[in-house]
Each structure stands twice: as C-alpha cells, then as structure tokens.
2 protein chains.
Amino acid sequence: MVKGPTVYDVAERAGVSIATVSFAFSQPHRVRESTRNSVLDAARELGYVPSASARGLAKGRTGALGLFSFDFLNLLPEAETDRTAIGGAPDDFLRFPVWVDEVQRGVELECFSRGYALMIGGGNKASGERAVTDIAGRVDGLIIFPRTIPAEVTRRISARIPVVELSDPEGESSLHRVTTDNASGIRQLMEHLIGFHRFRKFMFVSIPTADTEARYNAYSAVLAAHGLAVQPPLESRPGTSAVTAELIAELQDSGSLPDCFVCANDQEAVVVLETLKAAGIPVPDRVAVTGFDGIVAGRLVKPTLTTVRQPMELIGRTAVDILIDTLTDPPASPAHRQLPVSLAVRESCGCRGEGD
Amino acid sequence: MVKGPTVYDVAERAGVSIATVSFAFSQPHRVRESTRNSVLDAARELGYVPSASARGLAKGRTGALGLFSFDFLNLLPEAETDRTAIGGAPDDFLRFPVWVDEVQRGVELECFSRGYALMIGGGNKASGERAVTDIAGRVDGLIIFPRTIPAEVTRRISARIPVVELSDPEGESSLHRVTTDNASGIRQLMEHLIGFHRFRKFMFVSIPTADTEARYNAYSAVLAAHGLAVQPPLESRPGTSAVTAELIAELQDSGSLPDCFVCANDQEAVVVLETLKAAGIPVPDRVAVTGFDGIVAGRLVKPTLTTVRQPMELIGRTAVDILIDTLTDPPASPAHRQLPVSLAVRESCGCRGEGD
DNA sequence: ATGAAAGCGCTAACAT
DNA sequence: ATGTTAGCGCTTTCAT
C-alpha cells in the first residue's frame, strides 16, 4: 500500500500550515469557515486518514481502552484436547459463549457508545506477559480478568494506566474492581433449595480456586445456619469430565449421592448434568443440580439449569465506566463497584422453570 | 497516573544509549548478554512499558489489525425498540450471538495466535464514517462487514491499508473478500426439501436486500429446474415481527400457506417460527420452515431449525489470514476466498434432527 | 485567525 | 557492540 497522505500534504494542498489542518479537525470553531472547508476538501480529495500513532504520541493518550482476554478455551492446549469430552457433542456446548464473551460484549458496547475504540489482546500462559504489556502500551486504560496475569505485571501496568480487574470480592487489590454479590446469590439459591425443595444433603462441586471461594463460603454458612452437614467439595477439574464421572460413580456405588449438587459455576454444572445423564441418574428426580453465572448453555441443556445469573453485560459496561471516570479525574483510592445477582429458577432443581 | 518511564529513563539507569535499549528488546542477539541483562533489569525495575504510539510512528506499522463492527442489534434505535417483539421473551433470543459475533470470535483467535492485537471499532449510521476512519488510522489492516460503510469511505481507506470485506459473491469489489458458497447451500437445502420431503409449494422470506440476492436467485433456479412455481418473496422487515405476523395471517386466511417457508437467514426464520406458533399453525406438521447461517439461536427454538451452516469462525480466521499475507507481500490483485457451507438438517423441516 | 517550532517516545541508519 | 542522530505525523504553546 502506498504511503498515505499526511497533515503536510493536506496543508500544502489547502494552502495553509499544518497547525491549521490540525485545528480544522480538532477545534473547528477556531478556524474561519472558508479555511476549514478548504482543509476538509483537501483532506477528502487526498484520502487523508489521520495516524493514530502520531496523534497518540503527541497527545499522550490513545483514545482506546483495552481488554486482555486470556483465551481459556481455545489457546490452552489442554482444553483443546478435551473439547469433545462433554456429552460427546464435539461441536456443541463448548462453542457457546461463556462468561468471558458476555462480559466482553458489555465492554464493547460501552466503549463504542462512549467514543472509545477497544483494543483486544489475548494470550496464553506462554505469551501472557509480553502480550499484556504490549496491549497496555496501546491504550489509556485496561480491563483484565481475574487471576490471568501475575500480580507483579499488573502492578507495573497500573503504575502507568488505570487497570480494572473483574474479580471476586475476596481479592485484596490495589486495582479498580468490579465484583458481583456472590454470597447473596448463593444465599438466595440455597434458601430456595432448602426452604422450597426441602433438600437436606448437598454437595458442592468446584475446582479449588480462589474464584469459587466466596461461593463456597456462603454455601457453607447457609448450611451451618440450617444445622445441615457440610461435606467436603467434590473437586472436579475444569474441562476434564472424566474425573467428574469417576467421582460421581464412586458416590453412586457407595450409595451416598446427595439431594443436590451445587456447582460453583455453570460450566461445571453442565458437565455434572451430562455425567449424571450418562450414568443413568435422573435429574432432577433423583438428584438436583444447580449452577452459577447464567451462561447461555444453561438454557440449552435438558433439564434447563437452575442458576444464579450475573449481570455480565453490565459488568463489562461498568468496568469501562470506571476507566473513563478515572481518566477524567483520577480518584484518590481504587474504585470498587459491586453488582447484584439474581436467581434463575429453571428445571434442574425440580421446578418447571418456564419464565426465566 | 504518573507519566511512565521511557527509553531514556531505562537507558540512563542501565548506563547505555537509547538505541541499545531499543535493540535489547527488538534484536536481543545484537547486544552483548551482559548489556542486555542490565537493560532488561533496568526496564523491570522502572516498570517500563513501551509506547505503542511511538513505536508505531517510528516503524510505520502498528502491529494491530482492525475489525469494524456495526452494532446491528444494540446501537440502532429501531432495533432497540423492537427487542421484545420476538415471542414475548424480551431477554432471550436477541441476546444470543448472531452471525457477527461468531465471525468476530474467529478474527480474535486468529489475530492472537498470529501475534497481532485486535482493534475493534463500532458505530451506527451517525457515527459510522468518523468511527471507521478513526480505527483505520490505528491499524495495519481492516476487516469490515458488508454494506456497513459507504463505498467511498472504504475506497479511501483501502488506499492506505488493506481492507477485507466479508461479503456475498455478487458484490463487484476492488477489496479483498471472503465469501461463502450461498448458492450451493441453498441447492443442498432445496434438494432435501423437494427430494426427500416432497414439498411443492414454497415461499421465500426475506427483506429485499443485496445480502439475500444470491440465496434468492439460487432458490428460484432450483424451483425452476424442478418445474415448480416461484412465488414472490414474502418481504418481512428485520426485527419487526408484527409485519411478518400480518403477512402470514393473510396467507392463512386466503388458504394459501405454502408447504415450506425458506427464510433468507436464521433470524428471519426464528421470527417466522414464533409467528406461526403464535398463530397456532403447527411446524413442521402444517408447514415447514428453514433458515440460513447456523446461528446458536437456531438450536434453541422448538422445533430446532433446519438451516445451512456457514463456517463463521473460519470466515473470520480467513480474513485475518488474507490481511497478514497482504502485509507480508502485497498481491497484484485483490484476494478472494470462497468457503463452503453445509446443510444442518434439524426438526423444522420435518426431520428428527438429532445429530447436528 | 493562522503560522512557526518544539516536542511526544521510539526505530533505524549511519558512525564509531 | 554501542552511540548519535534524524525523522515518523501529529498536537500545542507561543508568536504574529
């Protein structure tokens, strides 16, 4: 591609200085109308496209925000391998949007409507650090998913531009954060399961990570308050439905299936659902299953998944809002906004689950 | 946020020149290991994050590709208004990813794995031109959806950077293009409907745009080849299910319902499906319905939607591939890659539609 | 209202 | 192997 025209070319053609060209675009009212028109005409005739690099260098701001999205599903070789594991439908549930995608959509929409461009970066364990640094150098503010980047890297970046972490309340962090009220969601869910369905024996399903800690703690607290026993969580591995299958088979053999599996998130729940189906254990008749998040796949499985819905689009929009606020006038301390969640009663708990 | 450290700071701290700092990062082998380490250390200690603007300005390339995505659903006020129109489920089908989202995912994945950052821009009719020009100034190559941007703007941009248009085969264009074999898809579909189901009376459903022209033409050709009558298409309006409902009511009243509605795309088909359900006309028993595209929502409706699946992720990946190829060595003439489609026989045509 | 000129932070010759 | 230096294209005082 031929080198594009610059301010100099436009200025020459319009018979003005480069400063005037710049003004004609950025502060139209400061140049006489006739001058402005000749500049605009020249620009049009030449096919002038301003260089964002030059502009960014000169202004010290790029006008773009960044979202760094670890590609959980597609770039990690492990996940790739196990893609066909769920329900034998290689092409199916794993292709539906998950939490990350729905949050991303919120980020996009808010960026566009606020006049910012969005730079998306992705990486895996290997490319992670350089990839996130790269994108950090391109934007005025950055949004990151929790626990995807070493804290040290995050700290370095946040010394230069504002960073919002999408995280659970637990994490002590000096970054801006948007969180959701996990504890309240679990409480609503458990009250429904205990109070309405009269379930007594529960089992929590989760990989043991910080992500699910708040949920597990709230779950334990509710059980304790009701004088119910808290079993140790069933430690599945993400994406590896084989492990889950084995664990569930053991439970069945020992006659110790619970009344209800409370899964730490919807993806776990879908795996559990499919595993139970494969084992010939009817859901919700023999055992109920619940999730957490509210991803699309939860409406596709049969029975449909009772879950706690997070306002994913809003999470994304809120993160952008924090960034723009911060850019406008830097707050003294890191912003933290907590968003509400809501119970979605569907079929997998034993309800009819019509309306959503 | 405090101004971040620059090459000068790093150079000073490491006791070298800025050129050495630059080399230490870009051509590590060209500097002595001890020197390189002291530079890297200094950078780490200072929390150095290279400025992409400066780098882009100096190199003439940004290392990012762009995707300009008109936000069909969420930024156009018309659509917003009618969001609740489908099946009375305000929150439902329209929130699922559509064609655009799935293509975007392919673009993202390919960019990341090829080491490019992705700049996403969005706009509506009003902000469109300036928004797309803005993003064009930020990237080394741009991908656009068909008919979202005035040809003149596209031309101007493509004089500066390579542009790939995701489009139908019909469009005569000087841009790079990736298309799908619409005609073949329709042919496979029609052969199934005519040959297997023995349908005779068809009605094509589509808004009359260039998008659907190739599909309609192929549809007509197949009917003609079978000696079947071609009715004028039922001209629904996108998102306005009320119009569709009215048209279908008329058909029913006059006793002229077809054997099968062949919809130009899945979104239309979902509307038709819901409309027929509301009118108490059983699908597929009284009348069959088919779509085109293969979006997620097609698997959610009841009956599930028989359709022609486009390789959406691959479309996105291919566009990126073209751009990177072009950047590497500019081709003499615009690239054009046509991708195959495949028939997805599900329930709405009268099949059992188990496997996908 | 417009022009002149000094950077913004980095890369890439070209010198040494 | 490392340093010097001239831009890259634009914004922004400061003059005029």
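Proteins get letters first, then strands, A, B, ... in listed order; numbering begins at 1 in each.
- Of the side-chain N and O atoms in A:Ser53, none sit less than 4.0 angstrom from OP1 or OP2 of D:dG9.
- When heavy atoms are screened at a 4.0 angstrom cut-off, B:Val21 is found touching no nucleic acid atom at all.
- At a threshold of 4.0 angstrom between heavy atoms, the contacts of B:Thr35 are confined to the sugar-phosphate backbone, with no base atom among them.
- Using a 4.0 Å heavy-atom distance criterion, A:Phe25 is classed as making no nucleic acid contact.
- When all heavy atoms of B:Leu67 and B:Leu118 are compared, the pair lying nearest together is N-CD2, 3.9 Å.
- Set against C:dT11, D:dG3, C:dA4, the side chain of B:Ala19 has D:dG3 as its closest nucleotide.
- Spacing between atom CG of B:Asp9 and atom C1' of C:dC8 amounts to 13 Å, rounded to whole angstrom units.
- In this structure, B:Thr6 reaches the sugar-phosphate backbone alone: every heavy-atom distance under 4.0 Å involves primed, P, OP1 or OP2 atoms, never a base.
- In this entry the distance linking CG of A:Leu57 with C1' of C:dC8 reads 4 Å, nearest Å.
- Of the two residues contacting DNA chain C, namely A:Ser17 and B:Gln27, the nearest-nucleotide position lying further toward the 5' end is that of A:Ser17.
- Among D:dT2, D:dT12, D:dC10, the nucleotide with an atom closest to any side-chain atom of A:Phe23 is D:dT12.
- For B:Arg32, the listed nucleotide lying nearest its side chain is D:dT2; candidates were C:dC8, C:dT11, D:dT2.
- If you check distances only, the side chain of B:Tyr8 never reaches the base of C:dC8 with a donor-acceptor pair under 3.5 Å.
- The side chain of B:Ser51 approaches C:dC10 more closely than any other nucleotide in the set C:dC10, C:dT2, D:dT12.
- For the residue pair A:Glu108 / B:Gln104, a side-chain donor-acceptor distance below 3.5 Å is found, with atom types taken as modelled.
- Residue A:Ser22 places none of its side-chain N or O atoms closer than 4.0 Å to OP1 or OP2 of D:dC10.
- Residue B:Glu33 contributes atom CD, which lies 12 Å from atom P of D:dT2 at whole-angstrom precision.
- Heavy atoms only, all atoms of each residue included: B:Leu166 and B:Ala319 are closest at CD1-CB, 3.9 Å.
- The nearest whole Å value for the distance from the CD1 atom in B:Ile18 to the P atom in C:dG9 is 12 Å.
- Minimum interatomic distance between A:Val139 and A:Thr62 (heavy atoms only, all atoms of both residues): CA-OG1, 3.5 Å.
- The CZ-C1' distance, from B:Arg61 to C:dC10, rounds to 14 Å in whole Å.
- Between the side chain of B:His336 and the main chain of B:Arg177, no donor-acceptor pair closer than 3.5 Å is present.
- Summarising the geometry, the separation between CZ on A:Arg30 and P on C:dA1 is reported as 8 Å, rounded to the nearest angstrom.
- Looking at which nucleotide of DNA chain D each of B:Ala54 and B:Val16 is closest to, the 5′-most match is held by B:Val16.
- Minimum atom distance to the side chain of B:Val7 is reached by C:dC10, of the listed C:dA13, C:dC10, D:dC10.
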